[in-house]
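Model, not experiment: these values are computed from the prediction. Sequence lines set the chain letters: A, B, ... in the order given, protein chains first and strands last, and positions in each chain run from 1.
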There are 2 protein chains.
Amino acid sequence: METTTPHHTRHDSREDLLKAARELIVGRSYGAVGIAEICARAGVRKGSLYHFFPGKEALTLAMLDALYADFEREVLIPGLAGADGLHARIEAFVRAIHAFEARIQAESGQLPGCPFGNLAVEMGTHHPTLRQAIRGHLDAVTAHFRSVLDEAVQDGELPPHTDTDALAEQWLALMEGILVMAKADQDPATILRLGPALGAVLNPSPEARHES
Amino acid sequence: METTTPHHTRHDSREDLLKAARELIVGRSYGAVGIAEICARAGVRKGSLYHFFPGKEALTLAMLDALYADFEREVLIPGLAGADGLHARIEAFVRAIHAFEARIQAESGQLPGCPFGNLAVEMGTHHPTLRQAIRGHLDAVTAHFRSVLDEAVQDGELPPHTDTDALAEQWLALMEGILVMAKADQDPATILRLGPALGAVLNPSPEARHES
DNA sequence: ATACTAGTTGACCGGTCGGTAAAGTGCAAG
DNA sequence: CTTGCACTTTACCGACCGGTCAACTAGTAT
């Protein structure tokens, strides 16, 4: 054995920091949370944070990676793979998102919206590194949407020449917007009320012919 | 004459502060802009700011009011009243939003997204006063959307029993989401690419009959 | 035993945060 | 001329920001 588990069963400050950063930043925002507060919640001194991470940005980046991994495993995959039929899958996915938001609101008192969208909005204009990392996570979500849509095309639920790329992107945009509205309302019911619009964007447009 | 223009033609620090706050906060975020920077851009000393406004939050609130008034006058009304026909109006509105975002990006180097949605996302969970003010502005936008949809119902472009309230809300959510994505991309082309989805949500759903 | 190293600790840094207080300025009404 | 008021100016406040540092602790390998 080359490295027999760094020390033994470690108390793992690194993970505690990631967890604290997730809870605080997702529940509030990047700018509204200081590293002192993160350290306090993690039960770790500030110097230790800088042993594991070069700074606040890097900690946030790592937090987002872990958050996406959890989100994919706990919400995206089970929410989308659940039912048969495209519209049933949409319904299940909306309910999964609703449950996710409602649970966090119950735990922390705050409806967070989409953590990735939130950070993209807050940091998008003046923090390119974070912006591009978030862009990558959003692309990963889009890819999941597209594969669901591709399956629907193969099953004949959607026309053969459907632009699933475009539809997946529209789904993501709509989902982000729904979560912005839910956050502005601080009410998870908004997600259920607007969720069905995800199905509407799939409908064939009768303006195939347009005389201009 | 009771009050012959407070002093004479005033240099108007108040308006300079509102303008500076708008440019900076819209271009970055609430948390990333300090009052010192706002004062510097406005060419006003900090004490004067606190003569006109009780604090940063009140300044931001007043800035948002003025911003909404301008947005309604310059984008919302001309963008929605322009053309005949619902789909033409959608197209015109999307182009108006695109022009708005592209102009700000050209001026400041930053694509801001929706200033109201941005603030709702950033402050929604921990700043109820701002959140509710923003919620009011978003409702005002929804009302404009709904009146356009109501006209379309009257003109027979939409079925008589269309739930224009729900559709207007879906439009706003989608528009917010489109602007989140455009901000994540920092690319106004995203607005044009996703804009047509606004028309898609209007399409009649062929699942009017569902056997379950 | 010794040397090495991953991890921890607490004191400390300059800078900036939002906000305050008091003195001063200049116009206008009495 | 004087008082009052709207507004400006400057100096200042304590708190907090993200980040640094050197000393320390404790397991590990030799």
For nucleotides 21-23 of chain D, tabulate all protein N/O to nucleotide N/O atom pairs closer than 3.5 Å, reporting atom names and distance.
none

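Atom CG in A:Leu59 sits about 10 Å away from atom P in D:dG19, given to the nearest Å. A:Phe52 has its CZ atom 9 Å from the C1' atom of C:dT8, to the nearest Å. One interatomic measurement links the two molecules: CZ of A:Phe53 to P of C:dT8, which rounds to 12 Å at whole-angstrom precision. Between the CG atom of A:Leu17 and the P atom of C:dT9 there is a distance of 11 Å, given to the nearest Å.
Residues of residues 31-43 of chain B that place a heavy atom closer than 4.0 Å to DNA chain D do not occur.
We find that A:Lys19 and A:Glu15 are not joined by a salt bridge, their nearest charged nitrogen and carboxylate oxygen being 4.0 Å or further apart. A:Asp185 and A:Arg193 are joined by a salt bridge, as a carboxylate oxygen and a charged side-chain nitrogen come within less than 4.0 angstrom of each other.
Test B:Leu138, B:Leu179, B:Leu172, B:Val121 against A:Val180 for side-chain contact (heavy atoms from CB on, under 4.5 Å) and you get one pass: B:Val121. Among the candidates A:Gln110, A:Glu23, A:Glu37, the single residue satisfying the side chain to side chain donor-acceptor pair (under 3.5 Å) test with A:Arg28 is A:Glu37. Under the side-chain contact (heavy atoms from CB on, under 4.5 Å) test applied with A:Pro188, the options A:Leu111, A:Ile97, A:Ile104 reduce to a single match, A:Leu111.
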From CA spacing to verdict: side-chain contact (heavy atoms from CB on, under 4.5 Å), B:Leu149, B:Thr162: CA-CA 9 Å; B:Leu149 289 163; B:Thr162 303; over 6 Å; no

Carefully, step by step, assess B:Phe116 and B:Val141 under the rule side-chain contact (heavy atoms from CB on, under 4.5 Å). CA-CA 11 Å; B:Phe116 305 105; B:Val141 176; 5.8 Å; no

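Classified by interplanar angle (parallel below 30°, tilted 30° to 60°, perpendicular above 60°), the ring pair B:His137/B:Tyr68 is parallel.
At D:dG19, one or more side-chain N or O atoms of A:Tyr50 fall inside 4.0 Å of OP1 or OP2 (strictly under the cut-off). Of the side-chain N and O atoms in B:Ser13, one or more sit less than 4.0 angstrom from OP1 or OP2 of D:dT8.
Of the two residues near DNA chain C, A:His51 and B:Lys56, the one whose nearest nucleotide lies more 5' is A:His51.
Of the candidate nucleotides C:dT9, D:dT9, C:dT8, D:dT9 has the atom lying nearest to any side-chain atom of B:Arg45.
With hydrogens and angles left out, the side-chain atoms of A:His87 and A:Glu157 include no donor and acceptor closer than 3.5 Å.
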